[in-house]
Visitor: 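Pasting a structure here, questions to come.
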Amino acid sequence: MRASRFLLATQKEVPADAEVISHQLMLRAGLIRRLASGLYTWLPLGVRVLQKVKKIVREEMDAAGAQEILMPVVQPGELWEESGRYDMFGPELLKFNDRHGRSFCLGPTHEEVVTDMVRRDLASYRQIPANFYQIQTKFRDEIRPRFGVMRSREFIMKDAYSFHLSQKCLQETYDRMHSAYSAVFGRMDLNFRPVLADTGSIGGSGSHEFHVLAESGEDDIVFSDQSDYAANIEKAEALAPTNERHKASADKLEIATPDQHSIEEVSTFLKLPQEQVLKTLLVEGAEGDLIALVLRGDHQLNEVKAENLEAVASPLQFASEARIQEALSCKPGSIGPVDLSLKTIADRSAVTMADFACGANKDDFHLIGVNWERDCAEPEVADLRNVVAGDPSPCGQGTLTIKRGIEVGHIFQLGTKYSEALKAEVLDENGKSQTLTMGCYGIGITRTVAAVIEQNHDDRGIIWPASIAPFQIALIPINPHKSEAVREACDNLYEQLTKEGYEVLYMDEPKARLGVMLANVELIGIPHRLVIGDRGLESGSIEYRNRRKPENRDVAIDQLHSFINENVEKL
RNA sequence: CGGAGCGUAGCGCAGUUUGGUAGCGCACUACACUGGGGGUGUAGUGGUCGUCGGUUCAAAUCCGGCCGCUCCGACCA
């Protein structure tokens, strides 16, 4: 590609509203432009990267036996009513009516549509298993789009859906998708981890997320230091403490704690460590009642675990201040389990506390020296908290560390949730109708591009892995408008390399300054760079530089061909 | 939706306190010099100051409504 015929929309200055490095570099390198909140136009350079990612995904999906389809972005509301998600999905589902007043939505995901396709077109067990995928634009009306393409409202996703007649068969496809995903992210040289994940509201049994490890990630991933165990913090079990609860040794005492509400305030005020203060949170119960969730003060509620409790309403909803006032006649900062007439569920760690402090269910008062059994009823016990670094690993080996991850892929065993609701059935060998079991598998294509940049950049710009670089080689002439020889050498080399199948960006604008071209080529992250000038030509060499290496090297012109063959990945 | 902040040229910003000719840097156009690592000079292009209304002789500036955006908390690939 000749740069004179290609939109290189690079910018020197960092746009003010770009927070994370990938967002900044994508804007500066001219990959994307913002159209509105959470909506981005992909410029020519960005599209080239996107196409590379899609190509890798297609190759791996095809190799794993999946078939490509393409489903509409706009979907009939009826279908979503049939699955029960039209009202359940929440405000992320953008709904609208057509001119006839029929309801439609923009697809945030495509379970309904594939399941509908399958129930119409698959009739026999002979067609099972089947795995259909597409690469399509999705829309989720995110509350807060941010980090550019990392959490946008419109995004491109590869989603696949498999159909089976047995759990065993589903497991096989699931495992095959697991390895296909590892292959996809491996081909992009990403430092990633498959981690155990919560199946969330979609339900089903097995689920893994694929996370790219990066500081800017929005998820906490926990690892065992002595085994392969890795899980999303939402999923990671906090084991019960091994030590027994101490005997009560202090007397219960009520203390005035004016204006002390948070655990931090209370622990400072009472001069007690946070581990000695009990945290009591009120949430809406499944029966319309209120439930008290109790944690050690220094621990954090794991909302997914809480939501998965039967007694707790799903989605999780904290009790409003008004509701608390009505039930307990006090504010949220002064609640405790003593004489509390609500169902109380305590975290495994909280229940081993003794002589602790907690709210007195009376504004501006706390209790100290409180003990379970003696002062308040033994609560129900559950795993309610987020694990913290240093906790024992739930796999039984090692302790946990926590890192940030960007979720770029997610695989699920869905079970029969959608096939049952939409009656996706086929006849088995005995002529009997059987409901299909489903799996679903997503890769955030656009998000993956951002994740790659998060892991591959320096202070000059992006450093693309060979497999998804927009161009392999940048060809830069020095003063071509002055030197016929340079121009000719570059023209020839450009033609030759292009003919051989290399993707070359030829910086052929006659008056472009060398420094500007070099800076641009580094900013947009092209892996290999050739600089051709009079001096080099006279001494029979061409300057080469690898984007990842700090130094130039001169390559003899007559060896250039083999040098490139050896050092540049042909795609 | 709650809390904080912003809206002035394609990008980054000043000007708003104290009302009085719309500015700077980058980018862009032309020319010249320069020419082996974001160069210099000269001359230019580009703005109904988010929007609607009010106050005033006069509003980017003061007042009010609306819209949009960003950041911090609840969603997910």
Side-chain angles (χ1 to χ4, degrees), chain A residues 9-20 23-24 27-28 30 33-39 57 89-93 108-110 135-160 181 197-198 200-202 209-212 218-219 232 234 301 303-304 307 315-318 320-321 405-412 440-451 460-461 476-483 486 510-523 529 531-538 543 545 552:
Chain A
T10 55
Q11 287 174 191
K12 214 184 280 190
E13 297 191 60
V14 183
D17 48 14
E19 275 292 287
V20 296
H23 188 197
Q24 293 173 1
L27 290 167
R28 286 225 291 137
R33 287 286 112 98
R34 196 186 73 97
L35 176 66
S37 177
L39 301 177
V57 169
F89 201 90
E92 280 77 40
L93 183 65
T109 176
H110 281 72
I135 294 176
Q136 177 63 295
T137 296
K138 309 278 185 192
F139 189 92
R140 287 183 196 171
D141 200 356
E142 294 281 351
I143 299 167
R144 187 145 95 82
R146 62 183 138 173
F147 303 154
V149 118
M150 206 122 95
R151 177 178 299 277
S152 50
R153 294 196 290 178
E154 193 179 290
F155 56 98
I156 300 173
M157 187 170 150
K158 186 287 301 177
D159 48 328
Y181 275 38
D198 185 75
S201 49
I202 301 180
E209 290 169 352
F210 285 75
H211 280 266
V212 167
E218 294 184 87
D219 288 288
N232 192 306
E234 291 176 345
L301 178 69
E303 299 191 11
V304 170
E307 187 174 303
L316 184 77
Q317 217 186 326
F318 285 98
S320 66
E321 206 167 319
I406 302 167
E407 183 187 358
V408 289
H410 199 162
I411 58 179
F412 266 95
C440 82
Y441 319 93
I443 291 179
I445 301 281
T446 39
R447 180 182 284 181
T448 298
V449 174
R460 296 173 181 215
I476 299 179
I478 299 174
N479 297 328
H481 60 294
K482 286 203 171 162
S483 165
V486 166
K511 289 198 174 168
R513 301 193 65 91
L514 179 61
V516 174
M517 289 190 286
L518 295 169
N520 270 334
V521 160
E522 284 177 332
L523 174 60
R529 183 180 90 189
V531 177
I532 299 183
D534 268 327
R535 292 184 204 162
L537 289 180
E538 277 161 28
E543 178 190 300
R545 185 175 176 128
N552 298 334

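Just the heavy atoms: all of them, side chains too, but no hydrogens, waters or symmetry mates, feed the values below. Computed from a prediction, not measured in an experiment: that's the story for all the values here. Naming: A, B, ... by sequence-line order, numbering from 1 per chain.
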Visitor: Find the distance A:Lys511:NZ to B:G39:C1' and express it as a whole number of Å.
Guide: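 After rounding, the gap between these two atoms is 15 Å.
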Visitor: Does B:C28 have a Watson-Crick or wobble partner in any strand here, with both distances under 3.5 angstrom, and which is it?
Guide: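 Here B:C28 is engaged in a pair, and the nucleotide opposite it is B:G44.
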Visitor: Are any of the side-chain nitrogens in A:Arg146 or A:Glu19 under 4.0 Å away from the carboxylate oxygens of its partner?
Guide: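 Salt bridge between A:Arg146 and A:Glu19, a charged N being under 4.0 Å from a carboxylate O: no.
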Visitor: Using modelled atom types only, decide if a donor and an acceptor are shared between the side chain of A:Gln24 and the backbone of A:Ala18 within a distance under 3.5 Å.
Guide: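 Side chain of A:Gln24 to backbone of A:Ala18, a donor-acceptor pair under 3.5 Å: yes, one is there.
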Visitor: When rounded to the nearest Å, what value does the distance between P atoms of B:A59 and B:A22 take?
Guide: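 Between the two P atoms, the distance is 11 Å.
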Visitor: Can you pull every protein N or O that's under 3.5 Å from an N or O on nucleotides 23-28 of chain B?
Guide:
{"unit_1": "B:G25", "atom_1": "N2", "unit_2": "A:Glu13", "atom_2": "OE2", "d": "2.5"}

Visitor: With heavy atoms under 4.0 Å as the rule, sort A:Glu522 into base, sugar-phosphate or nothing.
Guide: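 Base contact.
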Visitor: In whole angstrom, give the distance that lies between atom CG of A:Asn479 and atom C1' of B:G35.
Guide: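 A:Asn479 atom CG is separated from B:G35 atom C1' by 5 Å.
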Visitor: When rounded to the nearest Å, what value does the distance between C1' atoms of B:A14 and B:U61 take?
Guide: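 Their C1' atoms lie roughly 14 Å apart.
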Visitor: Test your reading of the model: is there a side-chain donor-acceptor pair from A:Lys138 to the backbone of A:Lys158, 3.5 Å cut-off?
Guide: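 Side chain of A:Lys138 to backbone of A:Lys158, a donor-acceptor pair under 3.5 Å: no, none is there.
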Visitor: Between A:Tyr441 (side chain) and A:Tyr181 (backbone), is there a donor-acceptor pair under 3.5 Å?
Guide: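 Judged by distance alone, no pair lies under 3.5 Å.
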Visitor: Tell me whether the side-chain N or O atoms of A:Asp534 pair up with the base of B:G35 as donor and acceptor below 3.5 Å, since no angle test is needed here.
Guide: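 Looking at the base of B:G35, it does not pair with any donor or acceptor on the side chain of A:Asp534 (distance under 3.5 Å).
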Visitor: Could you give the distance separating B:A4 and B:U45 at their P atoms, to the nearest angstrom?
Guide: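 Looking at atom P only, B:U45 and B:A4 are 44 Å apart.
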Visitor: For residues A:Leu514 and A:Ile476, determine if any side-chain heavy atom of one lies less than 4.5 Å from a side-chain heavy atom of the other.
Guide: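 Answer yes - side chains close enough.
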Visitor: Tell me which of A:Ala519 and A:Arg153 sits closer to the 5' end of RNA chain B, going by the nucleotide each one is nearest to.
Guide: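 Its nucleotide being nearer the 5' end, the pick is A:Ala519.
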Visitor: Taking C-beta and beyond as the side chain, do A:Thr446 and A:Met157 meet within less than 4.5 Å on heavy atoms?
Guide: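 Side chain of A:Thr446 against side chain of A:Met157, heavy atoms only: no contact under 4.5 Å found.
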Visitor: A:Arg447 side chain to A:Met150 main-chain N or O, any donor-acceptor pair under 3.5 Å?
Guide: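 Yes; judged by distance alone, with no hydrogens or angles, the pair exists.
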Visitor: For a quick test of reading the model, state the closest non-hydrogen atom pair linking A:His481 to A:Pro510 and the distance between them.
Guide: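 The answer is ND1-O, 3.1 Å.
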Visitor: B:G73 and B:C66: how far apart are their C1' atoms, nearest whole angstrom?
Guide: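 B:G73 and B:C66 have their C1' atoms separated by 26 Å.
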Visitor: Between B:U16 and B:G7, how many Å separate the two C1' atoms, rounded to a whole number?
Guide: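 Per the computed distance, 13 Å lies between those C1' atoms.
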Visitor: Under the 3.5 angstrom rule, does the side chain of A:Arg151 hit a backbone N or O of A:Arg144 as a donor-acceptor pair?
Guide: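 Not confirmed, A:Arg151 side chain does not pair with A:Arg144 backbone.
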Visitor: What protein N or O atoms touch nucleotides 71-74 of chain B N or O atoms at under 3.5 angstrom, if any, and at what distances?
Guide:
{"unit_1": "B:C72", "atom_1": "OP2", "unit_2": "A:Arg144", "atom_2": "NH1", "d": "2.8"}
{"unit_1": "B:C72", "atom_1": "OP2", "unit_2": "A:Arg144", "atom_2": "NH2", "d": "2.6"}

Visitor: A:Ala16 has a side chain; which of B:U34, B:C75, B:C13 sits nearest to it?
Guide: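 Of all the options, the side chain of A:Ala16 is nearest to B:C13.
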Visitor: Quick one: closest heavy-atom pair of A:Leu316 and A:Glu307, and the distance?
Guide: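 Minimum heavy-atom separation between A:Leu316 and A:Glu307: N-OE1, 3.2 Å.
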Visitor: Name the residue closer to the 5' end of RNA chain B, choosing between A:Glu407 and A:Lys482 according to the nucleotide with the nearest heavy atom.
Guide: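 Comparing both residues, the 5'-ward one is A:Lys482.
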Visitor: Scan every strand shown for a Watson-Crick or G-U wobble partner of B:A59, both distances under 3.5 Å, and answer none if you come up empty.
Guide: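 B:A59 is unpaired by these criteria.
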Visitor: Taking the C1' atom of each, how far is B:C28 from B:C11, in whole Å?
Guide: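 Nearest-Å result for B:C28 against B:C11 at atom C1': 12 Å.
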Visitor: Quick one: does any side-chain atom of A:Arg140 pair with a main-chain N or O of A:Pro108 as donor and acceptor, under 3.5 Å?
Guide: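 Pair found, side chain donor or acceptor close to backbone of A:Pro108.
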Visitor: Distances under 3.5 Å between protein N/O atoms and the N/O atoms of nucleotides 41-43 of chain B, please, pair by pair.
Guide:
none

Visitor: Should B:G50 form a Watson-Crick or G-U wobble pair with both distances under 3.5 Å, which nucleotide is its partner?
Guide: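 Because both required distances fall under 3.5 Å, B:G50 counts as paired with B:C66.
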